[in-house]
Protein chains: 2
Amino acid sequence: MPKPADATILAWARLVRAHAAAMGHVQAALKAAGLPPLEWYDVLLELEREGPLRPRDLQARLLLAQYNLSRLLDRMAEAGLVTRGPCEEDGRGQVVAISEEGRALRRRAWPVYSRAIQDAVGAKLSEAQAAHLAELLGRLTR
Amino acid sequence: MPKPADATILAWARLVRAHAAAMGHVQAALKAAGLPPLEWYDVLLELEREGPLRPRDLQARLLLAQYNLSRLLDRMAEAGLVTRGPCEEDGRGQVVAISEEGRALRRRAWPVYSRAIQDAVGAKLSEAQAAHLAELLGRLTR
DNA sequence: TCATTCTCGATGCAGTTGCATCGAAAAGCC
DNA sequence: GGCTTTTCGATGCAACTGCATCGAGAATGA
């Protein structure tokens, strides 16, 4: 069935638009607070939750391109937010861990970030609507 | 109310993820067909629907940054897809119009694009769900 | 074991984006 | 009218991304 229904096309268009609007708001809020971009936060959160990880695992979890992540980790390591160590069971690989500064930055960023999410999403929907939206969006990655 | 509800945060996270997945699929499909990226299509469609427009109107409609659009139009003009003309009622401005090649490219791109939308969105949802999703997403930009 | 193939992460290079700012024209104000 | 402020679109420069490819190590398989 190659022809998408009108509702499908509308959903796509609004997905793009809603994402652009919400993401723009969030990134602007982070920048206004002197914080690094969202992907830095994502990396820090993932490392904090899951413990030290190898780049390829981060890559898979965060849907980042390999070369992109490689250089992102360069910048974050240079900023002292993560550390790279050798990988025991694979000589090619490495293990990336969050540093204490990394944890501190993530904690500092969360109020700004959560506030922006509230403005961009929470304020526009009832809680039930948000839950329903999450449910429908979840189907798109399954 | 600065604290977002859990449902809000989940909706945000899934919005980001669903967008990344769907957009990735669509852009990959366009590239695989030798077509230019999605924003080119958006510009062409907007110009086809609305007729010649000034850059700042395109900017507002497509949520593009000003400098970004300026250079995008450079590339598209160089590729012969749009033409820039002087603006009658504003000496600073210009009027951008789609060319015949531009129309042809848009027509050629649509089957690939719509197919990708169907794969990324339509195939994952019933029509009613798609309509509901569109409705909820629409609230985020209002 | 040794050769082939595959995976991991880095990197040179070209293209794109973001930021700040510019020049020109318009709009607002006295 | 003259002056200031605002808007429009372009652009220099630095940062980032995408692509192709590389080197090193691991896995496969005879």
Side-chain angles (χ1 to χ4, degrees), chain A residues 19-20 23-43 46-47 52-79 81-97, chain B residues 19-20 23-43 46-47 52-79 81-97:
Chain A
H19 177 268
M23 182 59 83
H25 179 78
V26 168
Q27 296 276 27
L30 290 172
K31 177 169 325 184
L35 293 163
L38 193 48
E39 38 177 23
W40 289 44
Y41 185 93
D42 291 338
V43 169
E46 203 63 32
L47 290 177
L53 286 174
R54 294 183 53 182
R56 53 106 175 238
D57 297 323
L58 275 171
Q59 188 188 324
R61 286 165 182 280
L62 303 178
L63 300 183
L64 282 172
Q66 182 271 319
Y67 48 82
N68 218 324
L69 176 61
S70 175
R71 290 192 268 224
L72 174 57
L73 291 175
D74 285 348
R75 284 171 240 141
M76 293 182 69
E78 189 174 14
L81 303 176
V82 301
T83 57
R84 299 202 229 214
C87 180
E88 305 294 302
E89 68 269 9
D90 189 339
R92 292 164 302 184
Q94 58 184 259
V95 172
V96 181
Chain B
H19 177 267
M23 182 60 83
H25 180 77
V26 168
Q27 296 277 26
L30 290 172
K31 177 169 326 182
L35 292 164
L38 194 48
E39 37 177 24
W40 289 44
Y41 185 93
D42 292 337
V43 169
E46 204 62 33
L47 291 176
L53 286 175
R54 293 182 55 182
R56 53 113 174 228
D57 296 323
L58 274 171
Q59 188 187 325
R61 286 164 182 279
L62 302 178
L63 301 182
L64 282 172
Q66 181 272 320
Y67 49 81
N68 219 324
L69 176 61
S70 175
R71 291 192 266 224
L72 174 56
L73 291 176
D74 285 348
R75 285 172 238 141
M76 293 182 70
E78 189 173 12
L81 302 175
V82 301
T83 58
R84 301 203 228 214
C87 180
E88 304 295 302
E89 68 268 10
D90 189 340
R92 292 165 301 184
Q94 58 184 259
V95 172
V96 181

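Letters A, B, ... are given to chains in the order of the sequence lines, protein chains preceding strands, and every chain is numbered from 1.
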Query - Comparing A:Gly91 and B:Arg54 on DNA chain D - which has the more 5′ nearest nucleotide - result: B:Arg54
I need the [atom1]-[atom2] distance between [X] and [N], as an integer number of Å.
| X | N | atom1 | atom2 | value |
| --- | --- | --- | --- | --- |
| B:Asp57 | D:dT7 | CG | C1' | 13 Å |
| B:Leu64 | D:dG9 | CG | C1' | 14 Å |
| B:Met76 | D:dG9 | CE | C1' | 17 Å |
| A:Glu89 | D:dA27 | CD | C1' | 15 Å |
| A:Gln59 | D:dG18 | CD | C1' | 14 Å |
| B:Asp90 | C:dG23 | CG | C1' | 14 Å |
| A:Leu63 | D:dG18 | CG | P | 13 Å |
| A:Arg92 | C:dT11 | CZ | P | 17 Å |

Report task. State whether A:Arg75 places a side-chain N or O below 4.0 Å from either non-bridging phosphate oxygen (OP1 or OP2) of D:dA15. Result -> no
Query raised in the report: Is B:Gln27 near enough to D:dG18 that one of its side-chain N or O atoms lies under 4.0 angstrom from OP1 or OP2?
Result: no
Query raised in the report: Listed in order of residue number, which residues of residues 65-72 of chain B have a non-hydrogen atom at under 4.0 Å from DNA chain D?
Result: B:Gln66, B:Tyr67, B:Ser70, B:Arg71
Does any non-hydrogen side-chain atom of [Y] lie less than 4.5 Å from one of [X]?
| X | Y | result |
| --- | --- | --- |
| B:Met23 | B:Leu38 | yes |
| A:Val96 | A:Met76 | no |
| A:Arg71 | A:Asp74 | yes |

Query - Listed nucleotide nearest any side-chain atom of A:Glu39, set C:dA24, D:dT17, D:dG9 - result: D:dT17
Query raised in the report: From the list D:dA24, D:dG9, D:dA10, which nucleotide is the closest neighbour of the side chain of B:Arg84?
Result: D:dA10
I need the minimum non-hydrogen distance between [X] and [Y], along with the two atoms involved.
| X | Y | value |
| --- | --- | --- |
| A:Leu69 | A:Gln59 | CD2-N, 3.7 Å |
| B:Leu63 | A:Ala20 | CD1-CB, 3.9 Å |
| B:Pro55 | B:Gln94 | CD-O, 3.4 Å |

Requested in this report: Would you classify A:Asp74 as touching base, sugar-phosphate or nothing, given that sugar-phosphate means primed atoms plus P, OP1 and OP2, and contacts are heavy atoms under 4.0 Å?
Outcome: nothing
Query raised in the report: Of A:Leu73 and B:Trp40, whose closest DNA chain C nucleotide lies nearer the 5' terminus?
Result: A:Leu73
Report task. Would you check, one step at a time, whether the test side chain to side chain contact (heavy atoms under 4.5 Å, CB included) holds for A:Leu64 with A:Leu58? Result -> CA-CA 8 Å; A:Leu64 282 172; A:Leu58 275 171; over 6 Å; no
